[in-house]
Amino acid sequence: MSAQLAAYSTSTGEAVQFWMLGTVAVIGALCTVFMRKAVHSALCLAGTMIVLAVFYLANGAYFLGIVQIVVYTGAIMMLFLFVVMLVGVTAADSLKETIKGQRWLALLCGLGFGILLIAGIGNASITEFNGLAQANANGNVEGLATLIFTKYVFAFEITGALLITAAVGAMVLTHRERTERAKTQRELSEERIREGKHIPPLPAPGVYARHNAVDIAGLLPDGTPSDLTVSKTLRERGQIRDVSTEALNDLRALEQRAEERLERTAIEPSTFKRAEEASK
């Protein structure tokens, strides 16, 4: 009787948790849609996914909660976030529509999906609850596997086929046929020598700069920094550390010490000759 009562009732802690975390999840979802920067949208979506994982764990779906954190939040979302940060998507991106009417079409599809979702929830009839104890009698993973590969096996297979089709379609859309013959290494070398630009290889980032960081320009033999040794993205963002002044000072000091040593070696033989003549 107590188990049946627990299935139909909600404790105070569960209610507080639902309203607090549910508010955070809704705010994160809205921020994901309305944020102008892609990095901020990705962070808000990651927060919403973490809240969903907490809901799964609170309802006894331990496997789904761990998968939600490890796979979606920890792998897919973080990978997407790192890619966005490396590419450097900013608010200066063009918001002009490339396909006419795509916003109205997306709004229509979203409205239709909302109507179907509301109709499905309204027609759902649940008369009695089994409770978490019965659902997880043999373990949460076994219970979930039983539902996926028995009752919902066709929906699971259709979803898998849809994901595979989407992956193949993405590869087909991103593939581009080469319209011209690729230049060989010899042809590239001859073209570079013919133009007379940077015939010798350039130093790597940080070379001769006492650092091996990618945000420090390499120094040429005369001590001047070479902008071609650093990434163009970092240069446009203004994230390149300048050590040219310090390096040039060190280079001048080194040259001065070298000149002093060379002058000493040039003076020493004449000094010895004068000493020998005086002794004679």
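In this chain, residues are counted from 1 in sequence order.
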Enquirer: Gln17 vs Val54, test: side chain to side chain contact (heavy atoms under 4.5 Å, CB included). Steps then yes/no.
Expert: CA-CA 10 Å; Gln17 172 192 337; Val54 175; 3.9 Å; yes

Enquirer: For the residue pair Val51 and Ala25, what are the closest heavy atoms and their distance?
Expert: CG1-CB, 3.7 Å

Enquirer: Is there a path of hydrophobic side-chain contacts, each under 4.5 Å between heavy atoms, that joins Phe113 and Leu116?
Expert: no

Enquirer: Side chains of Phe34 and Leu30: does their closest heavy-atom pair fall under 4.5 Å?
Expert: yes

Enquirer: Spell out, yes or no, whether Phe18 and Leu52 are grouped together once hydrophobic residues are joined by side-chain heavy atoms under 4.5 Å, including indirect joins.
Expert: yes

Enquirer: For Phe55, does the CZ atom sit with more than 12 other heavy atoms under 6.0 Å from it, leaving out its own atoms?
Expert: yes

Enquirer: With clusters defined by side-chain heavy atoms of hydrophobic residues (ILVMFWY) lying less than 4.5 Å apart, directly or transitively, does Phe156 cluster with Phe63?
Expert: yes

Enquirer: State, with a plain yes or no, whether a side-chain heavy atom of Val230 is found less than 4.5 Å away from one of Leu234.
Expert: no

Enquirer: Measure the CZ-OG distance between Arg194 and Ser189 for me, rounded to the nearest 0.5 Å.
Expert: 11.0 Å

Enquirer: Find the distance between CD1 (Ile50) and CD (Gln68) and round it off to the nearest 0.5 Å.
Expert: 9.5 Å

Enquirer: Taking salt bridge (Lys or Arg N to Asp or Glu O under 4.0 Å) as the definition, give me every residue that meets it alongside Glu142, ordered by chain and number, with sequence neighbours left out.
Expert: none

Enquirer: When you compare the side chain of Leu64 with that of Leu144, does any pair of heavy atoms fall below 4.5 Å?
Expert: yes

Enquirer: Is it the case that one hydrophobic cluster holds both Ile164 and Met171, taking links as side-chain heavy atoms less than 4.5 Å apart, direct or via other members?
Expert: yes

Enquirer: I need the Glu157 CD to Tyr152 OH distance, nearest 0.5 Å.
Expert: 16.0 Å

Enquirer: Closest approach of Lys183 and Glu187, non-hydrogen atoms and distance?
Expert: CA-OE1, 3.4 Å

Enquirer: Going only through I, L, V, M, F, W and Y residues with side-chain contacts under 4.5 Å, is there a path from Val71 to Leu45?
Expert: yes

Enquirer: Closest heavy-atom contact between Cys31 and Ser41?
Expert: O-OG, 4.1 Å

Enquirer: How far apart are the closest heavy atoms of Gly65 and Ala53, and which atoms are they?
Expert: O-CB, 3.7 Å

Enquirer: For Arg186, which residues count as a salt bridge (Lys or Arg N to Asp or Glu O under 4.0 Å) partner, sequence neighbours excluded?
Expert: Glu190

Enquirer: Test side chain to side chain contact (heavy atoms under 4.5 Å, CB included) on Glu260 and Glu255 and set out the steps.
Expert: CA-CA 9 Å; Glu260 291 177 356; Glu255 290 178 351; over 6 Å; no

Enquirer: In the structure I gave you, are the side-chain heavy atoms of Leu188 and Thr184 within less than 4.5 Å of one another anywhere?
Expert: no

Enquirer: If you round to the nearest 0.5 Å, how far is CG of Leu43 from CE of Met35?
Expert: 9.0 Å

Enquirer: Any chance you could measure His40, atom NE2, to Thr32, atom OG1, to the nearest 0.5 Å?
Expert: 12.0 Å

